Engineer: 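Below you'll find the structure I mean.
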Amino acid sequence: GESVGLHLPTLSVQEGDNSIINCAYSNSASDYFIWYKQESGKGPQFIIDIRSNMDKRQGQRVTVLLNKTVKHLSLQIAATQPGDSAVYFCAVGNSGYSTLTFGKGTMLLVSP
Amino acid sequence: DAGVTQSPTHLIKTRGQQVTLRCSPKSGHDTVSWYQQALGQGPQFIFQYYEEEERQRGNFPDRFSGHQFPNYSSELNVNALLLGDSALYLCASSRSGTGARQFFGPGTRLTVL
């Protein structure tokens, strides 16, 4: 099976800093990786995803990096804003099966 | 374009009762997955429905069952509720053939007393 872990339960940053949230996975057959943001009392919100044939993908203010050799991915948020404060989950899947295994989440706290 | 919707928002039940939760997928999506999220944890996969059939199932007992309707909406049923079933139940929808990109609804908060 797959297990997904995050390196830090809480990350505190100042507004304007860049944030990096890390995630490790165990199953080398996993080929799909996705990041979600979850605010209190809401469902997870899609941020960005990446497939195993890529090692980097950029969105608006976010970048996901994938290192398949060490089974690690990270989410970088540029110029972090107070509105970015939330719990961030990485999820790992196999695109052939369309199911996701989630990590426990990292809480990002952004101070003004 | 409506996103994933779920009802009800909150629900309180007592042990032993049965509950039905409902989900309407995002427009254009035909696959529905259900997840259970305990407080402070990541979502855990319960099962996935496609073409009105359960396509995959996670490690949940048979007390958890589901259904998908021809309009792609879905229900999650839980029988013989236990205190440990208290959680946020999330529905996610996706388009078949697009891999695993899933979009989540706001969830139903179930409290079992």
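None of these values were measured; they are calculated from a predicted model.
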Engineer: Are there residues of residues 75-93 of chain B that reach to under 4.5 Å of chain A by heavy atoms, and which ones?
Structural biologist: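 Listed by number, the contacting residues are B/Leu88, B/Leu90.
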Engineer: For chain A, which residues from residues 59-69 of chain B lie under 4.5 Å away (heavy-atom distances)?
Structural biologist: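 When heavy atoms of chain A are the reference, residues 59-69 of chain B contributes no residue within the under-4.5 Å range.
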Engineer: Do B/Val4 and B/Tyr49 belong together in a cluster built from hydrophobic side chains that touch within less than 4.5 Å?
Structural biologist: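 B/Val4 does not cluster with B/Tyr49.
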Engineer: Is it possible for you to say whether B/Phe104 and B/Ile46 belong to one hydrophobic cluster, with membership spreading through side-chain heavy-atom contacts below 4.5 Å?
Structural biologist: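 In one cluster: no.
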Engineer: Is the ring centre of A/Phe102 less than 6.0 Å from the ring centre of B/Phe45?
Structural biologist: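 No - the distance between ring centres of A/Phe102 and B/Phe45 does not fall below the 6.0 Å cut-off.
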Engineer: Would you say CZ of B/Arg15 has more than 12 non-hydrogen atoms from neighbouring residues, nucleotides or ligands within 6.0 angstrom?
Structural biologist: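 No, the 6.0 Å shell around CZ holds no more than 12 heavy atoms from other groups.
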Engineer: Does the plane of the ring in A/Phe46 sit parallel, tilted or perpendicular to the ring in B/Phe103? Use 30° and 60° as the thresholds.
Structural biologist: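 Plane angle between 30° and 60°, so tilted.
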Engineer: Nearest heavy-atom pair of A/Ile34 and B/Arg101: which atoms, and what distance?
Structural biologist: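 For A/Ile34 versus B/Arg101, the nearest heavy atoms are CD1-CA, 4.3 Å.
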Engineer: Test of understanding: clusters of I, L, V, M, F, W, Y form through side-chain heavy atoms closer than 4.5 Å, transitively. Do B/Val19 and B/Phe47 belong to the same one?
Structural biologist: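 Yes, same cluster.
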Engineer: What distance separates A/Thr99 OG1 from B/Tyr35 OH, expressed to the nearest 0.5 Å?
Structural biologist: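 Reported value, rounded in 0.5 Å steps: 6.5 Å.
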Engineer: Under 4.5 Å between side-chain heavy atoms, counting indirect links through other Ile/Leu/Val/Met/Phe/Trp/Tyr residues: same cluster for A/Ile48 and A/Leu65 or not?
Structural biologist: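 As far as the 4.5 Å side-chain criterion goes, A/Leu65 and A/Ile48 are not connected within one cluster.
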Engineer: Which atoms of A/Gln45 come close to chain B, meaning under 4.5 Å heavy atom to heavy atom: side chain ones, backbone ones, both, or neither?
Structural biologist: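 For A/Gln45, there is no contact with chain B at all, as no heavy atom is under 4.5 Å.
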Engineer: I'd like to know whether CG of B/Leu113 has more than 12 heavy-atom contacts from other residues, nucleotides or ligands below 6.0 angstrom.
Structural biologist: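 Result for CG/B/Leu113: enclosed.
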Engineer: If I measure from the heavy atoms of chain A, does B/Gln37 come under 4.5 Å with its side chain, its backbone, both, or neither?
Structural biologist: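 The answer is the side chain of B/Gln37.
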Engineer: B/Tyr72, B/Trp34: one ILVMFWY side-chain cluster at the under-4.5 Å cut-off?
Structural biologist: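 In one cluster with B/Tyr72: B/Trp34, no.
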Engineer: Crowded around B/Gln44 CD? As in, over 12 foreign heavy atoms under 6.0 Å?
Structural biologist: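 Not more than 12 within 6.0 Å, no.
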Engineer: Return the minimal non-hydrogen interatomic distance between A/Tyr36 and B/Gln102, and the atom names on each side.
Structural biologist: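 Closest pair (atom of A/Tyr36, atom of B/Gln102, distance): OH-O, 2.6 Å.
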